[in-house]
Asks: 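Okay, here's the structure, questions in a sec.
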Amino acid sequence: RFARFFNLPELISVFKEAADIQTADMLSLPVPEAEFVNVTLKPSEIQREYVSSFSERADRVRSGAVDPSVDNMLRITNDGRKCALDQRLMQEMLPDDEDSKVNACVQNVYRIWREGREGKLTQLIFSDISTPKGEDGTFNVYDDIRAKLTDMGVPATEIAFIHDADTEAKKKELFARVRSGQVRVLLGSTAKMGSGTNV
């Protein structure tokens with residue numbers, strides 16, 4: 001409701017008198033170092049065909065040839081994101097492309113899991129697309145990643161979804177299991193695991 005105030009600087013000044021504001025620079029907390037690795041993959045032939053169809057759809061939307069309730073730029077963009085992640089998100093019956101982003105992720109996660117076995121090192125995987133839907137049987141990348149990792153030898157008990165911890169007590173217990181190395185791979189969306197996750 002700050003929009004109602006015309007004297008916002010004065011309001012902030014008053015707020016600072018009552019609030020104890022500490023920034024990350026002031027706290028000097030230990031923060032883990034991150035190593036960013038970009039993995040570039042070539043699209044499959046099926047993905048190339050979808051990209052071509054997205055272009056045609058966008059042309060129809062821009063020209064007004066299609067009703068926005070039927071197709072629109074947001075829907076096309078969302079389909080593009082899904083197709084880029086795994087072509088099976090567009091159509092479950094499509095083949096599992098061995099060079100997909102999901103399979104590249106699985107290979108990297110397995111390698112790190114194997115190399116960090118002695119220290120029980122843990123990993124977080126973020127995916128905002130294709131989150132688990134429960135037991136309805138539809139394809140999602142969370143279940144696909146877990147199935148592939150368990151097939152490679154990662155115990156199922158060492159893989160968890162943040163979505164399964166639906167209460168604060170369950171989250172606290174899950175985070176403790178991650179910190180202790182009992183759960184070594186935690187998958188979640190940015191909304192559920194992006195902030196306030198102490199693992």
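Note that the numbering runs from 1 along the sequence shown for the chain. Quick caveat: nothing in here was measured; it's all calculated off a predicted structure.
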Asks: Can you tell me how far apart CG (Asn103) and CG (Asp144) are? Round to the nearest 0.5 Å.
Replies: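 That separation rounds to 6.5 Å.
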Asks: For Pro155 and Thr150, which heavy atoms make the closest approach, and how far apart are they?
Replies: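 Nearest heavy atoms, Pro155 then Thr150: C-CG2, 4.4 Å.
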Asks: Using the rule that two of Ile, Leu, Val, Met, Phe, Trp, Tyr join whenever any of their side-chain heavy atoms come within less than 4.5 Å, decide whether Val109 and Val183 are in one cluster.
Replies: no
Asks: Whether Asp96 and Lys148 form a salt bridge (side-chain N of Lys/Arg under 4.0 Å from carboxylate O of Asp/Glu) is what I want to check.
Replies: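 Salt bridge present between Lys148 and Asp96.
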Asks: Could you check whether any side-chain N or O of Gln47 sits under 3.5 Å from a backbone N or O of Cys83, counting only pairs where one atom can act as donor and the other as acceptor?
Replies: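 Present.
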Asks: Does Ser13 use its side chain to pair, donor to acceptor, with the backbone of Pro9 at less than 3.5 Å?
Replies: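 Here the side-chain-to-backbone pair does not exist.
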Asks: Linking I/L/V/M/F/W/Y whenever their side-chain heavy atoms sit closer than 4.5 Å, directly or via other members, would Val185 and Val102 fall into one cluster?
Replies: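 Same cluster.
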Asks: Set out, in order, the CA-CA distance, both residues' side-chain angles and the distance that settles side chain to side chain contact (heavy atoms under 4.5 Å, CB included) for Glu56 and Asp59, then state yes or no.
Replies: CA-CA 5 Å; Glu56 293 168 10; Asp59 288 342; 5.5 Å; no
Asks: Is there a side chain to side chain donor-acceptor pair (under 3.5 Å) between Thr190 and Asp128? Walk through the geometry before answering.
Replies: CA-CA 6 Å; Thr190 307; Asp128 294 340; 2.9 Å; yes
Asks: Considering non-hydrogen atoms only, spot the tightest contact between Leu149 and Val106 and give its length.
Replies: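 That closest heavy-atom pairing would be CD2-O, 3.8 Å.
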Asks: How close do Asp143 and Arg146 get, heavy atom to heavy atom, and via which atoms?
Replies: OD1-NH2, 3.1 Å
Asks: Check whether any side-chain N or O of Asn78 sits under 3.5 Å from a backbone N or O of Leu74 as a donor-acceptor pair, and report yes or no.
Replies: no
Asks: Measuring from Leu186:CG to Met193:CE, what's the distance to the nearest 0.5 Å?
Replies: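 Those atoms lie 4.5 Å apart.
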Asks: Is there a continuous path of hydrophobic side-chain contacts, each under 4.5 Å between heavy atoms, that joins Ile129 to Tyr50?
Replies: no
Asks: Once you round to the nearest 0.5 Å, how far does CG of Leu121 lie from CH2 of Trp113?
Replies: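 Atom-to-atom, Leu121:CG and Trp113:CH2 are 12.0 Å apart.
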Asks: Just wondering, are more than 12 heavy atoms of other shown residues or ligands nearer than 6.0 Å to CZ in Arg114?
Replies: yes
Asks: Backbone N or O of Val141 within a donor-acceptor pair of the Ser130 side chain at under 3.5 Å?
Replies: yes
Asks: Could you go through the side chain to side chain contact (heavy atoms under 4.5 Å, CB included) check for Ser100 and Leu41 one step at a time?
Replies: CA-CA 7 Å; Ser100 72; Leu41 304 168; over 6 Å; no
Asks: Using a cut-off of 6.0 Å, state whether more than 12 heavy atoms not belonging to Glu98 lie near its atom CD.
Replies: no
Asks: Any chance you could measure Arg48, atom CZ, to Ser52, atom OG, to the nearest 0.5 Å?
Replies: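 So the CZ of Arg48 and the OG of Ser52 are separated by 11.5 Å.
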Asks: NZ of Lys101: more than 12 outside heavy atoms within 6.0 angstrom?
Replies: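 No, not enclosed.
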Asks: Is Arg57 salt-bridged to Asp79, cutoff N-O under 4.0 Å?
Replies: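 Here Arg57 pairs with Asp79 in a salt bridge, since their nearest N and O are under 4.0 Å apart.
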Asks: Please answer whether the main-chain N or O of Val61 pairs with a side-chain N or O of Asn72 as donor and acceptor at a distance below 3.5 Å.
Replies: no
Asks: What's the separation between atom OG1 in Thr167 and atom CD in Glu173, rounded to the nearest 0.5 Å?
Replies: 9.5 Å
Asks: Are the side chains of Asp99 and Lys42 in touch, meaning some heavy atoms are under 4.5 Å apart?
Replies: no
Asks: Between Glu168 and Lys172 (salt bridge meaning N to carboxylate O under 4.0 Å), is one present in this structure?
Replies: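 Salt bridge absent between Glu168 and Lys172.
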Asks: Can you check side chain to side chain contact (heavy atoms under 4.5 Å, CB included) on Glu158 and Gln182, steps first, answer last?
Replies: CA-CA 6 Å; Glu158 292 187 14; Gln182 293 173 316; over 6 Å; no
Asks: Given Arg88 and Met93, is the side chain to side chain contact (heavy atoms under 4.5 Å, CB included) satisfied, shown in steps?
Replies: CA-CA 7 Å; Arg88 293 172 295 167; Met93 302 307 290; over 6 Å; no
Asks: With no hydrogens and no angle check, do the side chains of Gln87 and Ser44 hold a donor and an acceptor under 3.5 Å apart?
Replies: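 Side-chain D/A pair, Gln87 to Ser44: present.
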Asks: Hydrophobic cluster membership, with links at side-chain heavy-atom distances under 4.5 Å among I/L/V/M/F/W/Y: are Met152 and Leu187 in one?
Replies: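 Hydrophobic grouping puts Met152 with Leu187.
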Asks: Can you tell me how far CG of Asp151 sits from OH of Tyr110, rounded to the nearest 0.5 angstrom?
Replies: 11.5 Å
Asks: If every non-hydrogen atom of Ala58 is compared with every non-hydrogen atom of Ile76, which pair is closest and at what distance?
Replies: N-CD1, 3.5 Å
Asks: Has the side chain of Arg177 got a donor or acceptor atom that lies under 3.5 Å from a matching backbone atom of Arg184?
Replies: no
Asks: Considering all heavy atoms of both residues, which atom of Asn198 and which atom of Phe175 are nearest to each other, and what is their separation?
Replies: O-CB, 3.6 Å
Asks: Tell me whether Ile112 is reachable from Val154 by hopping between hydrophobic residues (I, L, V, M, F, W, Y) whose side-chain heavy atoms are closer than 4.5 Å.
Replies: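 Shared cluster, no.
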Asks: What heavy-atom pair brings Phe161 and Tyr142 nearest, and what distance separates the two atoms?
Replies: CZ-O, 3.5 Å
